[in-house]
Amino acid sequence: MQLYTRSAGEGLPVVLLHAFPLSSAMWLAQREGLAEVCKVITPDLRGFGGSVLGEDEPSLDVMADDVARLLDREGVDRAVVGGLSMGGYVTMALCRRHPDRLLGVILADTKASADPEEARSGRERIADDVLREGTSVLVEKVLPGLLGRTTLERRAMVSGRVRGLVQAAPPVAAAWAQRAMAARPDSFDTLRALDAPVLVIVGEEDEITPIAVADAMAEAAPDGRLAVIEKAGHLSAIEQPEAFNRAVSAFVAELGGGSPRR
Ligand code: MLT
């Protein structure tokens, strides 16, 4: 499986993994804004954007192995790897399976806990519905939680763009990813065992993975720090890209990469 990947910039490699049900298109402002401090590598996870789904059973481990193979292909031994929401779950699977590839970890608007039973059955329902009825199901059931109230009230262009990204998700990939996320284990032990620095980022208006959930991850990691992004919801990287990029570039600078943006 070769992931379709967009990259920008030079220097310390920083891989960013996208949310559900989006694609690497969500990282446009990071490719533009972070290229002067690091090499931003943004793959489409399998099934989304330009990457094919393949024949494997749904699993975040499979997605994490795809990312490890991408690092091999790029000739990158160790990188900062981060992800937003579903991308964060894949990052935690990578921490479990390939800890030796990590210079640092970024976990944005995500959580380390596994799904309770009710959430798992909700995901199975979404998977069935999206296969039967198409992406309108995602627009109806997933889109409303993704954006914070500030974006919803004041930034129609951003809401419209996210809606377009959600509508572009292939139904088979969306169903596969829902089943992969439902099967994910708790990752707190993985975070406790990490010896790479961890940056946790959260939008202050994120209702899917609120600040307390982010704080618990930053506390669990032996070398964790938390950045709260004002006036952003669950898609903090899209809603407040400049604040998000400032947090990432300060982290990159801590790790010995380019100088932080002001
Ligand atoms: C995401 O934004 O990737 C989703 O909220 C992840 C999830 O459904 O848990």
Side-chain angles (χ1 to χ4, degrees), residues 15-27 30 42-49 51 58-60 63-64 67 81-94 106-130 135 137-148 151-152 158-159 161-171 173-188 200-203 205-214 216-217 229 232-241 244:
V15 179
L16 295 174
L17 305 174
H18 63 81
F20 175 91
L22 310 181
S23 70
S24 62
M26 73 163 271
W27 299 115
Q30 282 64 47
T42 60
D44 289 330
L45 293 168
R46 60 166 62 206
F48 295 93
S51 296
S59 156
L60 295 174
M63 290 166 124
V67 176
V81 180
L84 193 145
S85 200
M86 177 178 78
Y89 306 155
V90 178
T91 301
M92 287 182 262
L94 193 92
I106 301 170
L107 299 172
D109 301 287
T110 191
K111 55 177 175 277
S113 53
D115 280 347
E117 185 45 47
E118 198 186 323
R120 274 205 292 270
S121 38
R123 290 195 192 276
E124 191 51 44
R125 261 196 312 280
I126 293 181
D128 282 345
D129 291 352
V130 78
T135 45
V137 170
L138 303 177
V139 171
E140 198 185 304
K141 297 199 172 140
V142 176
L143 180 62
L146 293 181
L147 298 169
T151 303
L152 290 171
V158 175
S159 313
R161 177 168 166 241
V162 171
R163 188 187 183 90
L165 292 176
V166 170
Q167 281 168 329
W176 191 96
Q178 280 294 337
R179 291 176 173 138
M181 289 190 281
R184 76 185 191 283
D186 183 284
S187 290
F188 275 106
V200 180
I201 301 178
V202 65
E205 300 172 2
D206 185 344
E207 290 181 4
I208 298 181
T209 49
I211 294 178
V213 164
M217 291 189 294
I229 308 290
H234 190 57
L235 296 183
S236 58
I238 301 182
E239 293 177 66
Q240 294 295 342
F244 188 97

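Every number for a ligand or one of its atoms is a count from 1 in the order of the listing.
- An N or O contact shorter than 3.5 Å links Y89 to ligand 1 by distance.
- Heavy-atom separations between R123 and ligand 1 include at least one value shorter than 4.0 Å.
- D109 places a side-chain N or O within 3.5 Å of a backbone atom of G203 that can act as its donor or acceptor partner.
- Atom 3 (O) of ligand 1 has as its closest protein heavy atom F20 N, 2.7 Å.
- Close N/O approach between K111 and ligand 1 is not found [any backbone or side-chain N/O within under 3.5 Å].
- The existence of a salt bridge linking K111 and D186 is excluded, since no basic side-chain nitrogen approaches an acidic carboxylate oxygen closer than 4.0 Å.
- Side-chain atoms of Q30 come within 3.5 Å of backbone atoms of A237 as a donor-acceptor pair (strictly under, hydrogens ignored).
- Nearest to atom 1 (C) of ligand 1 by heavy-atom distance, out of S85, P21, G83, is S85.
- Less than 4.0 angstrom separates some heavy atom of M181 from each of these atoms of ligand 1: 6 (C), 7 (C), 8 (O).
- In terms of N/O distances under 3.5 Å, ligand 1 is approached by M86.
- The backbone N or O of A173 lies less than 3.5 Å from no partner atom in the side chain of R46, so there is not a single donor-acceptor pair.
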Next on the checklist: Please determine whether side-chain contact (heavy atoms from CB on, under 4.5 Å) holds for the pair L22 and I238, giving the CA-CA distance in whole Å, both sets of side-chain angles, and the decisive distance to 0.1 Å.
Outcome noted: CA-CA 11 Å; L22 310 181; I238 301 182; 4.3 Å; yes

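- Between F244 and W27, the ring planes lie tilted relative to each other; the angle falls in the 30° to 60° range.
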